[in-house]
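What follows is a short report on a single structure.
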Amino acid sequence: MRTSPTNPVARIVKLSAALALAVGSLVLASCNSTPAPKDTRAADEAAIRAASKAWSDAAQAKDVDKAVSFYATDGIQLTDKGPLVDDAATLHAGWQKMLALPGPGLSLQTSKVEVAKSGDVAYEYGAYDFAVADSAGKITDQKGKYVVIWKKQTDGTWKAAVDINNTDAPPPPAPAPAAKPAAHNSAKRRKHH
Amino acid sequence: MVSHFKKALLTSAVIAAFIAQGCGTEAPKDTRATDEIAIRQQSMAWTNAAQSHDMDKVLSFYAPDAVALPDGASIALNKDAIRAVWQNFIGNKNVTLSWKTTAVGVAKSSDIAYEYGAYTMDVVGKDGQTSTQTGKYLLVWKKQADGTWKVAVDTDNSDAPPPAPAPPVRTAHHAAAKKHRRHH
């Protein structure tokens, strides 16, 4: 079939090309105005480090309510020498007991924070120092490590979704009267999975 | 003429739809469901490697820049240190470690994920008796350039210690305090 300026087919082709260009550029323009989500990782890391510092300060101030406020509503704690705690009341009770112990108490020092590109999930790990006074007022520092999974909440704040910690020092040998085989004891100490 | 215009409109709509489709591929795909499956499979393959005391295989699940924060020991900041942590019980056939995933969470961007779960460690003593310890673990997984998930951070702690053998009543308070001292 021949095409000429008066040919209806040629008219359709021309018109559709023009329209497609117009609509297509509009679509592309709106596409560019909603680019990939912004990379907020640097600001998120700063916010998490600030939250971790505030959490440590709350512990030092023995402020139980403030300390537990850093958990997400569905936040859990994998308690050292204890169970997985997934309810607010038990979480509160655990912190209350710990912060009631005499001495300066718990402080946290962030080692590393890394945020997912999407800015919804992050992790932090660091070192803790738990300074407890005995009845004579002598303070003993217990040192350990912690890892926190942080999640950005709908209001933009970061809260702890999962919290775990453990001690650096191996547990003291069992106070069993009979000496246990050395191999058994050293194996017992290695609880690392 | 009007019908021509309608045809043109239709054709242009089809072309515009194609353009829009190309635009749509710009948005990152949500791969969280498949990522979670991949991580659960990795964790299962890892525990199988641990149960067969295969050190090289066990270490292959860590990212090159992984750190381990083992219970009762200092942080392990490189592969050699991580190997040393594992050597204590992977090298001991009397110790069998296994674990089970409880939950996995993946970031929308699918570059970082976490997993936590429960572990069991069986130790066969000299008397042939098996004692069992249980605990919890938390892992941070990171998607590698080749698309596989590897462990970036690995930590764990034990559950409640076994009850002390017949403790005198007056030390009960002390034992309770001890139990909570390490709570962070």
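Lettering of chains follows the sequences in order, A, B, ..., and the numbering in each one begins at 1.
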More than 12 heavy atoms of other groups within 6.0 Å of [X] [atom1]:
X: Lys66(A); atom1: NZ; value: no
X: Lys62(A); atom1: NZ; value: yes
X: Gln109(A); atom1: CD; value: no
X: Lys150(B); atom1: NZ; value: yes

Spatial distance of atom [atom1] ([X]) from atom [atom2] ([Y]) [nearest 0.5 Å]:
X: Asp120(A); Y: Arg32(B); atom1: CG; atom2: CZ; result: 6.5 Å
X: Ser118(A); Y: Ile112(B); atom1: OG; atom2: CD1; result: 8.0 Å
X: Asp80(A); Y: Asp71(B); atom1: CG; atom2: CG; result: 5.5 Å
X: Arg41(A); Y: Ser109(B); atom1: CZ; atom2: OG; result: 7.5 Å

For residues 42-52 of chain A, dump all side-chain donor-acceptor pairs below 3.5 Å to protein atoms at least two apart in sequence or in another chain.
residue	atom	partner	partner atom	Å
Asp44(A)	OD1	Lys152(A)	NZ	3.1
Asp44(A)	OD1	Trp158(A)	NE1	3.2
Asp44(A)	OD2	Thr40(A)	OG1	2.6
Glu45(A)	OE2	Arg49(A)	NE	2.9
Glu45(A)	OE2	Arg49(A)	NH2	3.3
Ser52(A)	OG	Thr110(A)	OG1	3.4
Ser52(A)	OG	Glu124(A)	OE1	3.4
Ser52(A)	OG	Glu124(A)	OE2	2.7

Side chains of [X] and [Y], heavy atoms from C-beta outward: is any pair under 4.5 Å?
X: Lys145(A); Y: Asn157(B); answer: no
X: Tyr114(B); Y: Val147(A); answer: no
X: Leu78(A); Y: Thr155(B); answer: no

### Query
Taking Val115(A), Val162(A), Leu99(A) one by one, which has the highest count of heavy-atom pairs under 4.5 Å against chain B?
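Sorted descending by pairs with chain B, the first entry is Val162(A).
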Hey, does the side chain of [X] reach the backbone of [Y] with a donor-acceptor pair shorter than 3.5 angstrom?
X: Asn166(A); Y: Asp156(B); answer: yes
X: Asp111(B); Y: Lys117(A); answer: yes
X: Lys136(B); Y: Gly82(A); answer: yes

### Message
Can you tell me which portion of Val58(B) sits under 4.5 Å from chain A's heavy atoms? Options are side chain, backbone, both or neither.
### Response
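The answer is neither part of Val58(B).
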### Message
Taking side chain as everything from C-beta outward and backbone as N, CA, C, O, which of these in Ile76(A) sits under 4.5 Å from a heavy atom of chain B? Side chain, backbone, both or neither.
### Response
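Only the side chain of Ile76(A) comes within 4.5 Å of chain B.
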### Residue Lys151(A) versus chain B: region with a heavy atom under 4.5 Å
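Only the side chain of Lys151(A) comes within 4.5 Å of chain B.
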### Query
Looking only at heavy atoms, which two atoms of Tyr146(A) and Leu69(B) are closest? And how far apart?
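The pair with the smallest heavy-atom distance is O-CD2, 4.1 Å.
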Please check if [X] and [Y] belong to a single hydrophobic cluster, counting links between Ile, Leu, Val, Met, Phe, Trp and Tyr side chain heavy atoms closer than 4.5 Å.
X: Tyr62(B); Y: Met55(B); result: yes
X: Val104(B); Y: Met44(B); result: no
X: Tyr116(B); Y: Ile37(B); result: no

